[in-house]
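Read the structure below first, then the notes.
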Amino acid sequence: MGTTTLLPTLIQNLYVAYICDAFFNIIVSTCMTIATFKIAHSLMTNLYGFVVGLNACIAGTLDLLATFIVIDDHVLGLPPIQQYQVYSGFAVLFVVLYFCYKAMLLAFKTRQQDERNPASSFADDGDFDVLRQAQEKHLSGFVN
């Protein structure tokens, strides 16, 4: 997402900016649809409208706030190229924060799983069962 907003600032071509903006909107719409589905999947039917409406309201408010800060002459008042740079910086920042969050969740889950089952850090117990069964089957061929 950051690339679709940073590329127009590097190339500085109006057609490239329009194409990148279209791709950015496609990516955002797709992500919002997937996020809405994941949220709706875990909700009761009577809460769906409220949560989706609240999500849209918060997203619209944050978008309006970011646009106001970047465009308004009393706040930052940036020219269009610098606006794209700020938006791409936001996108890159959120991607980095998301991956850090996911890495922390994975590390926490792995550590929690290791604490519950110390043998799982070396190998899964099921692997030993399969190996033992294969050895018994192989050795039984020699005994008969």
Side-chain angles (χ1 to χ4, degrees), residues 1-140:
M1 284 179 40
T3 307
T4 59
T5 54
L6 185 60
L7 189 62
T9 64
L10 300 175
I11 295 178
Q12 296 184 5
N13 184 331
L14 185 62
Y15 296 113
V16 171
Y18 283 143
I19 291 170
C20 287
D21 189 50
F23 280 126
F24 178 80
N25 287 327
I26 289 169
I27 292 169
V28 168
S29 296
T30 303
C31 289
M32 289 297 290
T33 303
I34 292 169
T36 302
F37 170 75
K38 286 193 167 267
I39 291 170
H41 185 68
S42 64
L43 291 177
M44 293 183 293
T45 307
N46 57 352
L47 291 176
Y48 176 73
F50 173 72
V51 172
V52 170
L54 184 65
N55 186 26
C57 181
I58 291 171
T61 303
L62 290 175
D63 186 36
L64 178 69
L65 183 63
T67 303
F68 176 74
I69 289 171
V70 170
I71 291 177
D72 190 32
D73 289 334
H74 293 40
V75 184
L76 290 179
L78 299 174
I81 291 175
Q82 289 178 340
Q83 290 174 19
Y84 274 97
Q85 291 171 343
V86 168
Y87 289 138
S88 62
F90 282 148
V92 169
L93 175 69
F94 287 130
V95 166
V96 168
L97 289 175
Y98 176 77
F99 280 121
C100 289
Y101 170 73
K102 284 297 191 178
M104 286 176 27
L105 279 181
L106 181 64
F108 180 74
K109 184 178 178 181
T110 304
R111 188 180 72 188
Q112 198 174 36
Q113 192 175 27
D114 287 345
E115 288 175 357
R116 275 191 251 134
N117 188 6
S120 68
S121 62
F122 176 69
D124 189 21
D125 292 334
D127 294 340
F128 288 124
D129 291 338
V130 171
L131 182 61
R132 188 175 348 103
Q133 289 172 357
Q135 286 175 343
E136 288 172 359
K137 185 177 180 181
H138 181 71
L139 291 176
S140 68

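Keep in mind the model is a prediction, meaning the values are calculated, not measured.
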Next on the checklist: Checking Phe90 against Val86 for the side chain to side chain contact (heavy atoms under 4.5 Å, CB included) test, could you report, in this order, the C-alpha distance in whole Å, the side-chain angles of both residues, the deciding distance, and whether it holds?
Outcome noted: CA-CA 6 Å; Phe90 282 148; Val86 168; 3.7 Å; yes
Side-chain donor-acceptor contacts of residues 14-38 below 3.5 Å, not counting sequence neighbours, with atom names and distances?
from  : atom 1 : to    : atom 2 : distance (Å)
Asn25 : ND2    : Asp21 : O      : 3.2
Ser29 : OG     : Asn25 : O      : 2.9
Thr30 : OG1    : Ile26 : O      : 2.8
Thr33 : OG1    : Ser29 : O      : 2.8
Thr36 : OG1    : Met32 : O      : 2.7

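- One finds the OG atom of Ser88 at 11.0 Å from the CG atom of Leu93 (value rounded to the nearest 0.5 Å).
- Residues meeting the side-chain contact (heavy atoms from CB on, under 4.5 Å) test with Leu106, sequence neighbours left out: Thr110.
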Taking distance alone, no hydrogens or angles, what donor-acceptor pairs closer than 3.5 Å link side-chain atoms of residues 66-82 to residues at least two apart or in another chain?
from  : atom 1 : to    : atom 2 : distance (Å)
Thr67 : OG1    : Asp63 : O      : 2.8

